Protein chains: 2
Amino acid sequence: MAATTFHKLRDEIENGIVTGTLAPGERLDEVQLANRFGVSRTPIREALIQLGAIGLVEIRPRRGAVVVDPGPNRIYEMFEVMAELEGMAGALAARRHAEEDRAKLLAAHEKCERSATSGDTDAYYYDNERFHNAIYEASHSGFLYDQCAALHRRLRPYRRLQLRVRNRMKVSFSEHTRIVEAILAGEAEAARDLLRSHIAVQGDRFSDLIASLSRDERKAV
Amino acid sequence: MAATTFHKLRDEIENGIVTGTLAPGERLDEVQLANRFGVSRTPIREALIQLGAIGLVEIRPRRGAVVVDPGPNRIYEMFEVMAELEGMAGALAARRHAEEDRAKLLAAHEKCERSATSGDTDAYYYDNERFHNAIYEASHSGFLYDQCAALHRRLRPYRRLQLRVRNRMKVSFSEHTRIVEAILAGEAEAARDLLRSHIAVQGDRFSDLIASLSRDERKAV
DNA sequence: CTTTCTCATCTTGTATACAAGAGCGTTGAC
DNA sequence: GTCAACGCTCTTGTATACAAGATGAGAAAG
């Protein structure tokens, strides 16, 4: 899929940011990255420019690129928007889903169930992603799909933390069940509300997490 | 603001796409563009990559860049999402607006009034943009602001066509009035619904436009 | 002792040179 | 006559070279 070097580099650097290898606020020196990946500055620059356009790095003219640090507030805002978009996708899915969407959604849901009952958070993480993708797809709006997928991707690192929270995975799954019911029953507004709060909860959880983290930090100091 | 060459080029090319100088589907030859702007291929490539990341051009590996042609369907989808995001911004604005937001919103609204009564579609176009920006701002969500502004920008060319439609400008303004009332009264859900249909109407208008255009084309052939 | 101005160095931004894949026409075989 | 394979050319992708602005240190003045 990724035919060219700069495309691969883009994914590589993006991954580094998402996984935290490249910390928020960190300076991204072109020469350093070029050496590290064994390429010239050109493809590095092109990768950074792409990431800049997506919003993952900030490119200050003639002053280099740094990993964007959204900060708790902006991350919460991102969850807020995500909640709204997911709700919209759910509502559209309820109205527009076809037979094959139904099948995919149920299949994804069942996969989630298996992971949830076996307590495998990593597996659940991926199955959950597929589940939500199935909803985006069922909305039959290519643009909405793209928007949701992009934002979902950006929120990845923060979402991942949350599955570790006590019992979150089982609660998440039971929410899924009701969401599936609403969509398949064609209850658009119910699906919207359920999905909205399903995501919003994650934003709240995130806030709690931040709060507890900063409290711990204060303790540590 | 645009300090570097490739930044200026990006705006230049983007403008060309938005205004239609560069038609959808058109091939963007790097050498050709470089000659045209009197620069080397490097900044051209960087500009194209940025536009690719935004979704304005499609970059097919080793096969060059072309201006994306969203097609009527996807444009309609974009309006759908825009409607939802604007509605969200309106709802948040109703709940969160501060004194200065109130002032800005009213100022922008009055400007629209002047343009609308004088029948100046071009002026109204810009004032309308400022009006909607004021709403995004009043939502006090930086991320939502960015998302709305970006999508608004992408829908620019299609929106522009619509003001020419008979009476649209005055109708638009009267809708604005009710929107302002709802926001300032703190009626979140009313603001959401009003804004949602305010934008959705544009999508519908666009569909009508497309329908009539393709009918005309058929006639022409 | 502090502050500001200047100069050196380092990094980014742009141009050019080189490599390699894609498209296309021609030629040869069936 | 048609189809396929080969090779040429053209475009993109990457590397390197060069230009120019930003940063920081040091010197000089207050």
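No experiment lies behind these values; they were computed from the predicted model shown. So that the names make sense, note that chain A is the first sequence line, chain B the second, and so on, each numbered from 1.
- A:Leu144 places none of its side-chain heavy atoms less than 4.5 Å from the side chain of B:Glu84.
- Applying the 4.0 Å criterion to OP1 and OP2 of C:dT14, one finds that B:Thr5 has a side-chain N or O inside that range.
- When the C1' atom of C:dA15 is taken as reference, atom CG of B:Asn35 falls 13 Å away, rounded to whole Å.
- Separating the CG atom of A:Leu33 from the P atom of D:dT14 is a distance of 16 Å, rounded to the nearest angstrom.
- Atom CZ in B:Arg60 sits roughly 11 Å away from atom C1' in C:dA22 (whole-Å rounding).
- We find that CZ of A:Phe6 is positioned 7 Å from P of D:dT14, with the value rounded to whole Å.
- Aromatic rings from A:Phe173 and A:His109 are positioned such that their centres are separated by under 6.0 Å.
- Scanning residues 42-56 of chain A for heavy-atom distances under 4.0 Å to DNA chain C yields A:Arg45.
- Following rounding to the nearest Å, B:Arg27 (CZ) and C:dA22 (P) show an atom-to-atom distance of 14 Å.
- The side-chain heavy atoms of A:Arg27 and A:Gln32, taken from C-beta on, include no pair separated by under 4.5 Å.
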**Item:** B:Asn128 vs B:His176, side-chain contact (heavy atoms from CB on, under 4.5 Å): CA-CA, chis, key distance, verdict
**Value:** CA-CA 9 Å; B:Asn128 179 58; B:His176 280 197; 2.9 Å; yes
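- A:Glu30 has its CD atom 14 Å from the C1' atom of D:dA15, to the nearest Å.
- Taking for each of A:Ser40 and B:Ala65 the nucleotide of DNA chain D with the nearest heavy atom, the 5'-most of the two is the partner of B:Ala65.
- Whole-Å rounding puts the B:Gln32 CD to D:dC10 C1' distance at 13 Å.
- You'll find the side chain of B:Ile135 reaches within 4.5 Å of the side chain of B:Ile179, heavy atoms only.
- Counting only residues at least two apart or on different chains, no ring pair (Phe, Tyr, Trp, His ring centres under 6.0 Å) pair has a member in residues 47-97 of chain A.
- Distances shorter than 4.0 Å separate none of the side-chain N or O atoms of A:Arg62 from OP1 or OP2 on C:dT14.
- If you measure from atom CG of A:Asp29 to atom C1' of C:dT12, you get 10 Å, rounded to the nearest angstrom.
- Side-chain nitrogen and oxygen atoms of A:Arg41 include none within less than 4.0 Å of the OP1 or OP2 phosphate oxygen of C:dA15.
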